[in-house]
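Each remark here refers to the structure printed beneath this line.
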Amino acid sequence: MDDSNDNAAPEARLVRAHGRVQGVGFRENCVRYARRNGVAGWVRNRHDGSVEALLQGSVLQLERMCVWLRSGVPGARVDALEVEAAAVPSPQLEGFERLPTM
């Protein structure tokens with residue numbers, strides 16, 4: 001179900017998950033959840049063991065995605081989730097992709 005408000009300007013968040021988030025299907029689950037819920041952006045592993053994502057969508061979509069990131073991936077353990085406001089890319093993101101490790 002897509003609860004985005006077509007009249008609201010999209011927002012963006014840069015999110016970093018720390019804990020047991022690599023090697024447990026975190027990125028693939030993130031891609032599926034985002035696509036199913038109309039969130040645009042990308043996700044990638046970081047060399048420090050964290051997972052980073054740029055999320056674009058309505059405020060409600062972003063809030064729901066961040067709640068899901070904390071506990072929605074079976075086998076993962078998120079010890080900390082850093083969420084920062086980010087500039088909406090221009091042009092705006094379309095779709096949700098998995099990027100190479102950085």
Side-chain angles (χ1 to χ4, degrees):
M1 180 170 161
D2 182 3
D3 289 323
S4 63
N5 180 345
D6 291 337
N7 297 323
E11 295 192 12
R13 303 284 183 274
L14 185 62
V15 178
R16 194 140 209 218
H18 299 272
R20 185 170 180 245
V21 292
Q22 291 191 12
V24 294
F26 196 92
R27 290 174 299 157
E28 286 308 312
N29 278 284
C30 185
V31 168
R32 281 194 293 271
Y33 183 90
R35 288 177 178 172
R36 195 169 50 241
N37 290 281
V39 175
W42 51 259
V43 62
R44 64 181 168 203
N45 282 345
R46 301 283 305 211
H47 286 296
D48 67 0
S50 67
V51 172
E52 179 179 55
L54 180 63
L55 311 173
Q56 176 189 290
S58 71
V59 172
L60 182 58
Q61 287 171 313
L62 298 178
E63 287 173 0
R64 287 181 177 173
M65 181 96 187
C66 288
V67 167
W68 179 86
L69 286 169
R70 285 180 170 82
S71 60
V73 179
R77 185 193 74 245
V78 177
D79 296 330
L81 188 70
E82 300 172 21
V83 180
E84 299 177 15
V88 174
S90 180
Q92 291 183 20
L93 300 171
E94 292 186 22
F96 200 92
E97 304 299 324
R98 186 174 83 171
L99 299 181
T101 299
M102 178 177 172

E52 (side chain) donor-acceptor with R46 (main chain) under 3.5 angstrom: no
Closest non-hydrogen atom pair between A86 and L54, with its separation: CB-CD1, 4.0 Å
Contacts of N45 that satisfy side chain to side chain contact (heavy atoms under 4.5 Å, CB included) - sequence neighbours left out: Q22, R27, V51, T101
Main-chain N/O of V39 paired with N37 side-chain donor or acceptor, under 3.5 Å: no
Joint hydrophobic cluster, V43 plus L62, side-chain heavy atoms closer than 4.5 Å: yes
Contacts of type side chain to side chain contact (heavy atoms under 4.5 Å, CB included), residue R77, not counting sequence neighbours: R20, D79
ILVMFWY network linking V15 to L99, side-chain heavy atoms under 4.5 angstrom: no
Listed partners of Q92 passing side chain to side chain contact (heavy atoms under 4.5 Å, CB included), at least two apart: P10, Q56, V88
Minimum heavy-atom distance between G49 and V21, given as atom pair plus value: O-CG2, 3.5 Å
Salt bridge (Lys or Arg N to Asp or Glu O under 4.0 Å) involving E11 - partner list, sequence neighbours excluded: R13
Approximate separation, where rounding is to 0.5 Å, of S50 OG and R44 CZ: 9.5 Å
Any pair counted as ring pair (Phe, Tyr, Trp, His ring centres under 6.0 Å), so long as it reaches residues 59-101, sequence neighbours left out: Y33-W68
Any pair counted as ring pair (Phe, Tyr, Trp, His ring centres under 6.0 Å), so long as it reaches residues 36-63, sequence neighbours left out: none
Pairing residues for V67 by the side chain to side chain contact (heavy atoms under 4.5 Å, CB included) criterion, not counting sequence neighbours: none
Pairs involving residues 84-94, ordered by first then second residue, that meet salt bridge (Lys or Arg N to Asp or Glu O under 4.0 Å) (sequence neighbours left out): none
All side-chain hydrogen bond (donor to acceptor under 3.5 Å, both in side chains) counterparts of E82, not counting sequence neighbours: H18
E28: side-chain hydrogen bond (donor to acceptor under 3.5 Å, both in side chains) partners, not counting sequence neighbours: R98
Nearest heavy-atom neighbours spanning A34 and M65: CB-CE, 3.8 Å
Residues that R35 engages under salt bridge (Lys or Arg N to Asp or Glu O under 4.0 Å), provided they are two or more places apart: E97
Min side-chain heavy-atom separation V83-L69 under 4.5 Å: no
Non-hydrogen atoms of L81 and C66 that approach each other most closely: CD2-O, 3.5 Å
